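Only a predicted model underlies this, so the values are computations on that prediction, with no experimental measurement involved. Indexing begins at 1, ligand by ligand and atom by atom, following the structure's order.
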Amino acid sequence: MNPLKQLVSIEERETAPPSPTDLLLRRAVLAIASYFRVECLLWTLLEGEPDEARVYGSPGAGSMLHDVELESGEGAPADLNLAADLNLANADIDRAAQTEEAIARYVPSSFPSWLIDQIHAPQLTQLETGDLIVPIVAPSFNGNSLALEDDDVTSSNLQLLLQVRRSPQDSTTPAPAEDSELSRYAARHAAVAPTLADVPSGASLAGWTTHDVSVIKRLANELGLTYSSLLWREKFERSQRQVALMGRIAHLLNSGLETDDILQQISVELGQGLMGDRCLVMRLQPAGIAPVAHWGRSQVTLPALEHALDHPGRGEVWQPVIDTFLDGGASYLTVRPDATSMALQSWLQQMGATSALLIPILIQSDFFGVICLLDYFKVRWYSLDEVQTVRQVADHAAIALASAQHHHDSHRHTTALRLQVMVPQTPLRDSLTQLLNAEAFDQELQQLSRPALWTVQPPFSLIICDIDYFKLINETYGYSVGDQILSQLAQRLRRQLRQGTLAYRYGGEEFAIILPRTSLTAALDVAERLLNAIHGHPFETSAGPVSVTVSFSVAQQDPRGDRDARSVLQRAEQALQDAKRQGRDCAKGLEFGLGA
Ligand code: GH3
Ligand code: MG
Ligand code: MG
């Protein structure tokens with residue numbers, strides 16, 4: 001079975017359906033607002049992940065939020081469908097959902113001070129504004145029943161917080177519609193006679209009867225229990241999905257796929273699984289950043305990826321970013337327009353993103369790059385377990401890269417071995433010279449160009465050479481003498497090269513030699529050696545000794561500036577033209593960064 005196909009067929013989870021907790025909270029706000037004829041805010045997630053705090057508001061509750069900074073508000077045209085989605089039988093709720101603008105959900109960026117007090121010591125109270133505050137505390141299992149944690153539960157247990165405002169003229173609860181689900185619900189709870197003990201001692205709750213307070217407390221309790229169980233179920237399902245995702249990624253590593261494909265699938269899995277807009281596996285080096293694998297949400301138009309490639313020549317601007325990652329630093333960023341001086345911030349702006357989760361990939365202790373989840377249309381928060389998942393995936397990506405590095409080295413080794421034992425008819429071999437042919441050369445260039453290896457492999461160099469005035473030699477001595485020269489020249493080249501260094505005849509009288517792990521200077525030395533083996537040493541042919549000269553050129557891979565091995569070849573060809581122009585019979589190298 002082809003694992004690639006299996007993974008591609010994974011259903012695209014493009015947009016998150018509204019979560020059950022989200023629906024519950026909206027429904028609760030609608031119910032309370034319409035039953036008590038109040039404006040109502042419901043604060044959520046006060047339990048340790050403040051980034052996920054939300055506040056739900058009834059249609060007229062905006063004024064209650066005056067002193068709170070909001071990051072984003074979601075007006076509620078979509079919420080008009082909410083009542084239908086929920087199949088609410090309750091006419092009150094239905095009406096409220098349709099006549100009012102339904103429930104808005106906001107992301108608060110700060111909490112009012114009374115709310116902070118509530119987090120520390122939750123208690124039913126009334127604010128100076130007259131708002132009734134009903135804390136909803138998560139069920140805890142301490143005391144003489146099951147204790148989950150030894151921690152102090154009272155301070156961290158505030159889960160939801162209801163803030164209710166009733167205008168003075170509405171100080172009594174009108175009878176709700178007869179047939180409403182809520183009225184039955186309220187009646188059921190009202191039937192339990194409220195005792196004075198239900199109301200905080202000494203509390204004088206202006207505008208609220210003890211009965212109302214009792215009902216609202218019971219509603220709150222029930223809401224808290226339902227919310228808790230739904231929340232745990234969501235958390236459980238999310239962690240199950242993440243376990244499944246990790247399983248698929250672990251499977252990929254063992255799939256025999258090429259590293260590029262593995263990284264590509266990793267970006268697909270993460271992008272879809274965590275529902276980002278774009279997921280990149282990036283190589284990050286002091287002088288720049290470049291994508292190795294990429295997934296983008298297909299339903300939206302994202303800015304072109306070319307911005308992802310930071311152009312070289314700006315110095316080592318990324319070094320501080322790398323250092324930060326190596327120190328275990330920042331992994332989550334929102335884009336701040338004022339922070340353009342930082343490489344990462346300005347890169348995110350170039351990309352047009354609003355927020356990013358960046359997790360480093362370390363191969364053993366070497367920094368490779370980052371896995372980058374980008375969001376474009378809103379600021380996206382990631383929960384701790386999501387971050388944890390991406391970290392694990394980054395470790396898996398590192399394993400894939402490390403084994404690719406290892407594999408690449410052994411691939412070279414086996415290719416070299418195969419060359420030595422290869423039968424002459426092997427199609428990758430040229431029959432005249434017994435060197436590897438143009439097709440083999442092309443294949444090797446492709447191998448060298450694989451994105452996952454491109455920046456990981458130690459830089460290679462390429463020597464190419466071309467016989468000078470070969471046309472003239474053919475014309476002077478005949479084509480078959482030309483052939484003899486070609487064949488002997490190939491032998492001489494091979495004899496000069498170390499065992500395992502591959503030489504190719506990739507054109508009529510053009511040869512190429514790939515030198516792995518070799519700098520430009522070292523490759524130039526090799527070219528000089530080859531040159532000297534030809535210059536002044538005539539070839540024995542059927543027409544007698546014939547002297548030929550050859551022009552050599554050398555180029556070294558530039559992992560940042562070159563797109564692939566073809567770019568290196570182009571640079572070598574450019575250098576070859578220089579050699580020809582400058583009188584032939586010589587070796588020229590072209591430094592990268594200088595060519596066109
Ligand atoms: P330069 O110094 O500029 O390279 O001059 P040149 O004459 O070598 O260059 P050109 O590209 O004009 O000529 C290459 C010649 O190589 C032309 C072609 O006939 C000859 N050639 C190509 N393949 C073979 C072959 O297999 N056998 C023989 N004998 N000649 C070949
Ligand atoms: Mg030529
Ligand atoms: Mg030539």
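- Residue-level contacts of ligand 1 at the 4.0 Å heavy-atom threshold are D466, I467, D468, Y469, F470, K471, N474, Y479, G482, D483, L486, R505, G508, E509, K580, R584.
- Distance alone, capped at 3.5 Å, places no donor-acceptor pair between the Q242 side chain and the L274 backbone.
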query: Should R297 and Y376 be marked as a side chain to side chain donor-acceptor pair (under 3.5 Å) after you check the CA-CA gap, both sets of side-chain angles, and the distance that decides it?
result: CA-CA 11 Å; R297 200 137 76 90; Y376 283 81; over 6 Å; no
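- Counting only N and O atoms by type, the side chains of N532 and E528 include no donor and acceptor under 3.5 Å apart.
- A donor and an acceptor atom, one from each side chain of S551 and D468, are located under 3.5 Å apart.
- For the side-chain contact (heavy atoms from CB on, under 4.5 Å) test with R505, the passing option among L489, L432, N437 is L432; the others fail.
- Protein atoms of type N, O or S found under 2.8 Å from the Mg ion (ligand 2) total 3.
- Listed by chain and residue number, nothing satisfies the ring pair (Phe, Tyr, Trp, His ring centres under 6.0 Å) test with F539 (two or more places apart in sequence, or in another chain).
- Side-chain N or O atoms of S461 include none that pairs as donor or acceptor with a backbone N or O of L515 at under 3.5 Å.
- Residues that satisfy the ring pair (Phe, Tyr, Trp, His ring centres under 6.0 Å) test with F368, not counting sequence neighbours, are absent from this structure.
- Minimum heavy-atom separation, L373 to L270: CD2-O, 4.1 Å.
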